[in-house]
Amino acid sequence: MTTDDPFAPMRRAAEHAAAFERGLDARSPWPAHSPDAAVRAFDGPLPEHGADAAEVIDDLAARAQGGLSGTRGPRFFGWVIGGSHPAGVAAEWLASTWGQNAGASVAAPAACAAEQVAARWLLELLGLPTEASVGFVTGASVANLACLLAARDAVLRAAGWDVADDGLAGAPPVRVAIGDDAHTTVFAALRFAGFGMRRLLRVATDGAGRMDAGALQDALAAGTGPAIVVAQAGQINTGAFDPFEAIVPVARRHGAWLHVDGAFGLWARACPARAALAAGVDGADSWATDGHKWLQTPYDCGFAIVRDVDAHRRAMNKTASYLPRISDAVREPTDFVPELSRRARGFAVWATIRALGRDGMAALVERHCRLAQRLATRVAAEPGVTLANDVVLNQAILRFGADRPGADADALTAATIDAVREGGVCLLGGARWRGAWVMRVSVSGWRTDEAAIDASADAIVAAWRAVRSRA
Ligand SMILES: *Cc1c(COP(=O)(O)O)cnc(C)c1O
């Protein structure tokens, strides 16, 4: 069937989207298809001839169906993945429709304006220095990279070395101190930035994964020269925060640039009841955080935030005569990100913050923290279940069968995770924490409510009872 309606593909997409959204509460958060089955659903020879766009959209929706997971649904606790707020999703549609390239303000003033205003709102929500610059990137991975490149160049510049002109070969060595329980993407960003893993100063952490400020002081005092400290707001398993009020003065004393990976944890700052967890974090020099986690913007979206605007700009610098700059007073989005051309993410960020408001964001963070605690408490009330962290934020980790001497709690925990999956009620996974396999629960979708938490807690307890009865 072909159609003369030029908007038919968009109408079809809107219908498929509405059907998906309506079905989210009822569907299992687990995708029906394995990765192999998903490939089979899409596979086919290179099309020799074109096809009607609306039919392509119907075909795409049909093929994708089985391979879609319920990331946006109420019972998805697998990783810290936000639920994509409808205001942001709809704004994303418009961003695509408008086709704006957020690379330059001359070509896309509305896209750049939305970014500029959303950036100001973000800094205010997170309680960060209002003079900081914000780069709109794909996520915290690239945000960490952009911030660490700014850090690298700035600390070397202060030591009399210009990375832009002279590169890294022959540069004074930069000492990079990082907590042992930092996120894998921070280590990747450091590798991309030219810092070897063997040369990092690994700082000891406590049982929750918090950096030991005394150990940091010792590590920095043992040497001299340019230094970067990488701290964390929100450990990926425990949700714990590094003690910024102790770390900031140590970094200052040693002239180090302090970078904070706060992919989701930084959002505790948007909630008055939880903000104390990240007290002092505003004393850092740069921060990486995500839009697509707690803020609930659609994928992909993250923010590279740097206190020293010039350092940020120098590190990301790209200029050419064919790319006009209006004036130094006009914010150019490309000055703060690795990319030139890119998606106009500011529309969705602006729309999401506008829809939630400061009070809505505070309430969302508080609700997620309470719901994580509620699920953890309910499940850990069952004999044989141990809660392996202090639930300060939206993260809970659980062990199964660790109470029985001689039992293989790692295997029992893995079997319980498998049994939950088979039940299909909620989605969560496992991780290794302090040498033991744990079940990870991350509460981060706006649709999650008490009913979803209670149904999921019941499903986890039922899975554990079934595993225990077989053991
Ligand atoms: C998710 C996460 C990252 C990486 O962010 P992406 O959005 O996946 O790029 C980095 N650090 C922490 C603590 C995270 O939770």
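For ligands, and for the atoms within them, numbers begin at 1 and follow the listed sequence. As the structure is a computational prediction, the values presented were derived from the model and not from experiment. All values below were derived from every heavy atom in this structure, side-chain atoms included, with hydrogens, water molecules and symmetry-related copies excluded.
Residue Ser141 has at least one heavy-atom neighbour below 4.0 Å for each of these atoms of ligand 1: 4 (C), 5 (O), 6 (P), 8 (O), 9 (O). In the vicinity of Asp290, heavy-atom distances shorter than 4.0 Å reach the ligand 1 atoms 1 (C), 5 (O), 6 (P), 7 (O). In the vicinity of Ile236, heavy-atom distances shorter than 4.0 Å reach the ligand 1 atoms 15 (O). Below 4.0 Å from some heavy atom of Lys293 lie the following atoms of ligand 1, by number and element: 1 (C), 2 (C), 3 (C), 4 (C), 5 (O), 14 (C), 15 (O). Under a 4.0 Å criterion applied to the non-hydrogen atoms of His292, ligand 1 contributes the atoms 7 (O).
In terms of polar-atom proximity, defined here as any N/O pair under 3.5 Å, Gln232 makes no such contact with ligand 1. For ligand 1, the polar-atom distance check against Asn144 finds no nitrogen or oxygen pair separated by under 3.5 Å. The shortest N/O to N/O separation between Gly234 and ligand 1 does not fall below 3.5 Å.
The CZ atom of Arg367 sits 12.0 Å away from the SG atom of Cys271 when rounded to the nearest 0.5 Å. Distance check, rounded to the nearest 0.5 Å: CZ of Phe76 to OG of Ser444 gives 7.5 Å. Atom CD of Gln232 sits about 8.5 Å away from atom CD1 of Ile178, to the nearest 0.5 Å. Once rounded to the nearest 0.5 Å, the distance linking OG1 of Thr352 with CZ of Arg345 reads 13.5 Å.
The shortest separation from a heavy atom of Thr185 to ligand 1 is under 4.0 Å, placing the residue in contact.
Within 6.0 Å of atom CZ in Arg199, 12 or fewer heavy atoms from other residues, nucleotides or ligands are found, so the atom counts as exposed in its surroundings. By the neighbour-count criterion of 12 heavy atoms within 6.0 Å, atom CZ of Phe42 is densely surrounded, having more than that number from other residues, nucleotides or ligands. Arg354 CZ: 12 or fewer foreign heavy atoms inside a 6.0 Å radius. Shown here is Arg157, whose CZ atom has no more than 12 heavy atoms of other residues, nucleotides or ligands within 6.0 Å.
Under 4.0 angstrom from ligand 1, there are no non-hydrogen atoms of Gln235. Only the side chain of Phe264 comes within contact range of ligand 1, with a heavy atom under 4.0 Å; no backbone atom does.
When only modelled atom types and interatomic distance are considered, Arg343 and Ser96 share a side-chain donor-acceptor pair under 3.5 Å.
Considering Ala188, Ala189, Gly302, Ala263 only, the shortest heavy-atom separation from atom 12 (C) of ligand 1 involves Ala263.
The shortest contact between atom 13 (C) of ligand 1 and any protein heavy atom is with Asp261 OD2, 3.5 Å.
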